[in-house]
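All figures in this text were calculated on a predicted structure; none of them were measured in a lab. Positions are given from 1, in the same order as the sequence printed here.
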Amino acid sequence: MTSTPSSAALTRTPGGPAAAAPGTSLTPVFVRLKLSLLRNGLRQSTGRAVAYVASLAMALLCAAVVLIGLVALRGVEHAGALGVLLVALLTLGWAVMPLFFPGGDETLDPTRLVMLPLRPRPLIFSLLMVSLVGVGPVFTLALAVGSVIMLAHGAAAAVTGVLAVVLVILVCVALARAVATANVRLLTSRRGRDLAVLSGLFIALGGQAVNLASQKLFGAGAAGLSALEGASDVVRWIPPASAVDAVRAASDGAYRRAVLGLALAAVALALLLWWWQRTLTTVMTSPDSSTLQAVEKDSGRKQRDAGSGLQRLLPEGRTGTVMLRMLRYAWRDPKTKMGWAMAFGVGLLIPVVSAVQGNGTLYTAFSASALLGMQMYNQFGQDTSAFWMVASTISTPRDAYLELRGRALGLALAAVPFVTVVVVGAAALLGPWSAFWDVYGLSLALLGSLVATGALASALFPYSIPSEGNKNIAPGQGAIAWFSLFGGMLVSAVFAAPMAGLTIWLHVAGLHGLLWVLVPVGAAYGVGVALLGMRIAAPRVVARLPEILGAVSKG
């Protein structure tokens, strides 16, 4: 089936002609379309199906743990503050995650529906309903239900809780869809894409703020929940957290405050739907970059020789060419640039935040090598549809090895200096300097391990990064992307285990004067593991080249 629903598909009735009576609901059609896209995506390979099932099971397990944990706090004093703040944090996640970690499908992309005879108002209702099908809404439902059970005491509170659960889910989903629709063309122009990269840095800062708030939430414990009341008194007036606070108010007999809390959430839902309708109408009626290509056709042409100076410093042959291509992607391609910017920003931010908190350790500097090393994953998918030109030059394992090595060297050209700066800075901020050798050596070994597993994951678990729109993962490939990433990180930890063992042995044996050897040994070990991983991945790239080409070209 095609990825975009046709007009006939949206109007055909079972066993009848391709026409439907006015007012026919599109919701069942969109739900079937979404399930069909998911089913067809899983049928493409057994690995993809296994990865999706594993990620789904993990998400459901987390939802169950959250639900049980909140129910266990029922009757605990000040538990209401925890419920209100958790819903507020979840809402923030719904607002920002669709922009930078989208995992939607064609049914949620309004640009794919512009040629269909659909009106915004009924389309919004159908899209809202189909958005409720997924892991995210299930997790939101578990958290909302757990919060209501934790707070509801009495019949009035129970009725209020049912309304609160519905409002929380609808507000979160509507917020995500409205934000995504308003920014659906953010990445369609060079200027807008660069702005998205800058926004990504602000999101990184916001993510750290959320992390600090989460640590405060879970660190308070049942006995210290009173410390959350101050923040809760402010957040409880912000929808949809106001709906959860309404349950607490109804339990206390404050019915006016309960009605006000529900009313705030309902008004917020109405405003979000109105904003969504306005932006959806704009997206579906205004021209986009595909019709205005001549305006920016020559943008960037003045800088076509910008890399000539760098090119003279790189090795000759295919290795230097691949390195230059990778560095140009990191500078020019908006999505690649966003990934690198996020890795640099968050990798530098984590040790700084730890230093500000006063409870960090030098080992937080591992974030630099971990985040930069992850840029080695899905190397072929980062080329998008242009990978066919690269694939045409790969016919032997030697060709594949040189391609992977060039990409790894391009990454190392930026990663190694950055890791060095972060570790040195963290040692100066957090100390002690005696741990510098441990952390720096292990960071280099971890970086090499991630390069090795990234090369293997690129060959075994490729996925497409759509060149258009705001998606970073093609529909139906989200599970395999997350599975390859987290699975690769676990394998990288195993690869780096010998260096960790050597570090522990030197400390246990009291050979502190020899800790400096961890730096050259870690560097040599990282290089060796990376080369070994690329050697193993190279023949697999050649053997699976048609499958890789098909997987990365789906976007």
Side-chain angles (χ1 to χ4, degrees), residues 201 204-205 207-221 224 227 340 342-375 411-453 489-530:
L201 296 178
L205 296 174
Q208 287 301 313
V210 172
N211 180 44
L212 295 177
S214 301
Q215 291 179 3
K216 183 177 180 181
L217 283 178
F218 296 108
W340 282 60
M342 291 285 286
F344 281 121
V346 177
L348 184 62
L349 188 63
I350 289 178
V352 173
V353 171
S354 300
V356 172
Q357 287 181 296
N359 57 358
T361 67
L362 182 54
Y363 291 92
T364 57
F366 283 139
S367 61
S369 57
L371 292 170
L372 263 297
M374 285 190 292
Q375 304 307 309
L411 175 62
L413 195 62
V416 173
F418 178 72
V419 169
T420 303
V421 170
V422 171
V423 175
V424 172
L429 288 174
L430 300 170
W433 279 100
S434 58
F436 170 80
W437 308 112
D438 305 24
V439 175
Y440 192 36
L442 287 172
S443 294
L444 296 176
L446 178 60
L447 180 62
S449 300
L450 285 168
V451 169
T453 55
M489 292 178 65
L490 291 175
V491 176
S492 299
V494 174
F495 283 177
M499 272 298 300
L502 175 61
T503 303
I504 295 173
W505 178 77
L506 289 176
H507 281 280
V508 172
L511 301 175
H512 298 87
L514 295 178
L515 288 175
W516 63 270
V517 302
L518 292 174
V519 173
V521 171
Y525 184 83
V527 171
V529 170

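For S443 against A365, the heavy-atom pair with the smallest separation is OG-O, 4.5 Å. Annotation for S434 and D438: closest pair O-OD1, 4.1 Å, computed over non-hydrogen atoms. Considering every non-hydrogen atom in both P351 and G347, the closest pair reads CD-O, 3.2 Å. Scanning all heavy atoms of the two residues, the minimum distance from L362 to A427 falls at CD1-N, 3.2 Å. Contact detail for A343 and Q375: the closest heavy-atom pair is CB-NE2, 3.7 Å.
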Acceptor/donor pairs from residues 444-453 side chains to any protein atom, 3.5 angstrom cut, sequence neighbours excluded:
residue, atom, partner, partner atom, Å
S449, OG, A445, O, 2.9
T453, OG1, Y377, OH, 2.7
T453, OG1, S449, O, 3.1
T453, OG1, L450, O, 3.2
T453, OG1, S492, OG, 2.6

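Looking at residues two or more places apart in sequence or on another chain, you find a ring pair (Phe, Tyr, Trp, His ring centres under 6.0 Å) between F418 and F344. Residues passing the side-chain hydrogen bond (donor to acceptor under 3.5 Å, both in side chains) test with S369, sequence neighbours excluded: none. Considering only residues two or more places apart in sequence or on other chains, H512 meets the side chain to side chain contact (heavy atoms under 4.5 Å, CB included) condition with H507, L515.
The line from CH2 of W516 to CG of L514 is 7.5 Å long, rounded to the nearest 0.5 Å.
Taking the side chain as every heavy atom from C-beta outward, W437 and T503 never approach each other to under 4.5 Å. F366 is not listed as a side-chain neighbour of V422, based on a closest heavy-atom distance of 4.5 Å or more.
Sorted by first and then second residue, the pairs that involve residues 413-426 and meet side chain to side chain donor-acceptor pair (under 3.5 Å), not counting sequence neighbours, are T420-Y440. Among residue pairs with one or both ends in residues 423-432, none qualify as side chain to side chain donor-acceptor pair (under 3.5 Å); sequence neighbours excluded.
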